[in-house]
Visitor: 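Would you mind keeping the following structure in view while I ask a few things?
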Amino acid sequence: MRKYFLLLFIVIYSLFITEVFASKSKYFEQGKILFEKKEYKKSKILFERDLVFNPKSEKSYLYLAKIFNQNENEQNEELNLNSVLILNPKNDEALYMMILLKIKQYDYAQAEQLIKKFYLVCKSFCSKKTELEEKFSKLVPDNAKDNN
């Protein structure tokens, strides 16, 4: 009788754990679908839920940064981009977004440093190099242009 209850407990526990892991992976996918439909508030909640179950989900942090970019919330965008770059310093999309943010904030030194790093690690966003150079050249202080 005791073995029966132990076996029953193990089966129920296994089903529960399987359901928890299955649902946590769904949060990101559902959030991405809603993001693509431009339902940012709903997708934000799902990305945040994904982070509760998987705090190292760089994709969820990246999509949260994109949402905050759409809402023009630079502080939270930067916070989430920093999280992505801590988890994966070679994430070229996050680097690209951070460079654009730093250019927007007129942070010459940080933008320059990030651009150098971007050139070293870019994979899928290498086509954006020219765009970054043009935007950065508008940011460069006049005395720095004279030295070049």
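Because the structure is a prediction, the values reported are computed rather than measured.
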Visitor: If you group Ile, Leu, Val, Met, Phe, Trp and Tyr by side-chain heavy-atom gaps below 4.5 Å, do Y61 and V52 land in one group?
Guide: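 Y61 does not cluster with V52.
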Visitor: Excluding sequence neighbours, so at least two apart, what forms side chain to side chain contact (heavy atoms under 4.5 Å, CB included) with L85?
Guide: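 Once residues adjacent in sequence are excluded, the partners of L85 under the side chain to side chain contact (heavy atoms under 4.5 Å, CB included) criterion are A94, L95, M98.
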Visitor: Side chains of residues 35-43: which donor-acceptor pairs under 3.5 Å do they make with residues two or more places apart or in other chains?
Guide:
| from | atom 1 | to | atom 2 | distance (Å) |
| --- | --- | --- | --- | --- |
| S43 | OG | E39 | O | 3.2 |
| S43 | OG | Y40 | O | 3.1 |

Visitor: Could you go step by step and tell me if L51 and L64 meet the side-chain contact (heavy atoms from CB on, under 4.5 Å) rule?
Guide: CA-CA 10 Å; L51 288 171; L64 284 171; 3.5 Å; yes
Visitor: Holding to side chain to side chain contact (heavy atoms under 4.5 Å, CB included), I want the full list of residues that pass it with Q110, two or more places apart in sequence or in another chain.
Guide: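 Listed in chain order: K102, D107, Q113, L114.
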Visitor: Just grab all the salt bridge (charged side-chain N to carboxylate O under 4.0 Å, His left out) pairs involving residues 90-100, residues at least two apart or on different chains.
Guide: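 Residue pairs passing salt bridge (charged side-chain N to carboxylate O under 4.0 Å, His left out), neighbours aside: K66-E93.
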Visitor: Does some side-chain heavy atom of N80 sit less than 4.5 Å from a side-chain heavy atom of I67?
Guide: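 The answer is no; the side chains never approach within 4.5 Å.
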Visitor: Check the pair Q75 / F68 against side-chain contact (heavy atoms from CB on, under 4.5 Å), numbers first and verdict last.
Guide: CA-CA 8 Å; Q75 184 177 5; F68 289 121; over 6 Å; no
Visitor: Donor-acceptor check, side chain of N82 to backbone of E78, threshold 3.5 angstrom: yes or no?
Guide: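 Present.
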Visitor: S57: what forms a side-chain hydrogen bond (donor to acceptor under 3.5 Å, both in side chains) with it, not counting sequence neighbours?
Guide: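 For S57, the residues satisfying side-chain hydrogen bond (donor to acceptor under 3.5 Å, both in side chains) (neighbours in sequence not counted) are D50, S60.
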Visitor: Please, which pairs that meet salt bridge (charged side-chain N to carboxylate O under 4.0 Å, His left out) have at least one residue in residues 54-64, sequence neighbours excluded?
Guide: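 Of all non-adjacent pairs touching residues 54-64, none passes salt bridge (charged side-chain N to carboxylate O under 4.0 Å, His left out).
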Visitor: Would a single hydrophobic cluster contain both F53 and I33, if residues Ile, Leu, Val, Met, Phe, Trp and Tyr are joined by side-chain heavy-atom contacts under 4.5 Å?
Guide: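 They do not share one cluster, since no chain of ILVMFWY contacts under 4.5 Å joins I33 to F53.
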Visitor: For K117, what residues pass the salt bridge (Lys or Arg N to Asp or Glu O under 4.0 Å) criterion, not counting sequence neighbours?
Guide: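 Salt bridge (Lys or Arg N to Asp or Glu O under 4.0 Å) list for K117, sorted by chain: empty.
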Visitor: Of all residues at least two apart in sequence or in a different chain, which pass the side chain to side chain contact (heavy atoms under 4.5 Å, CB included) check with L100?
Guide: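 For L100 the side chain to side chain contact (heavy atoms under 4.5 Å, CB included) partners, ignoring immediate neighbours, are Y96, E131, L132, K135.
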Visitor: Please enumerate all residues that pass salt bridge (Lys or Arg N to Asp or Glu O under 4.0 Å) together with E112, with sequence neighbours excluded.
Guide: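 None.
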Visitor: Can you tell if the side chain of F28 reaches within under 4.5 Å of the side chain of F47, non-hydrogen atoms only?
Guide: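 Side-chain contact under 4.5 Å: yes.
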Visitor: Any idea which heavy atoms bring K32 and Y63 closest together, and the distance?
Guide: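 Scanning both residues, the minimum pair turns out to be CE-OH, 3.3 Å.
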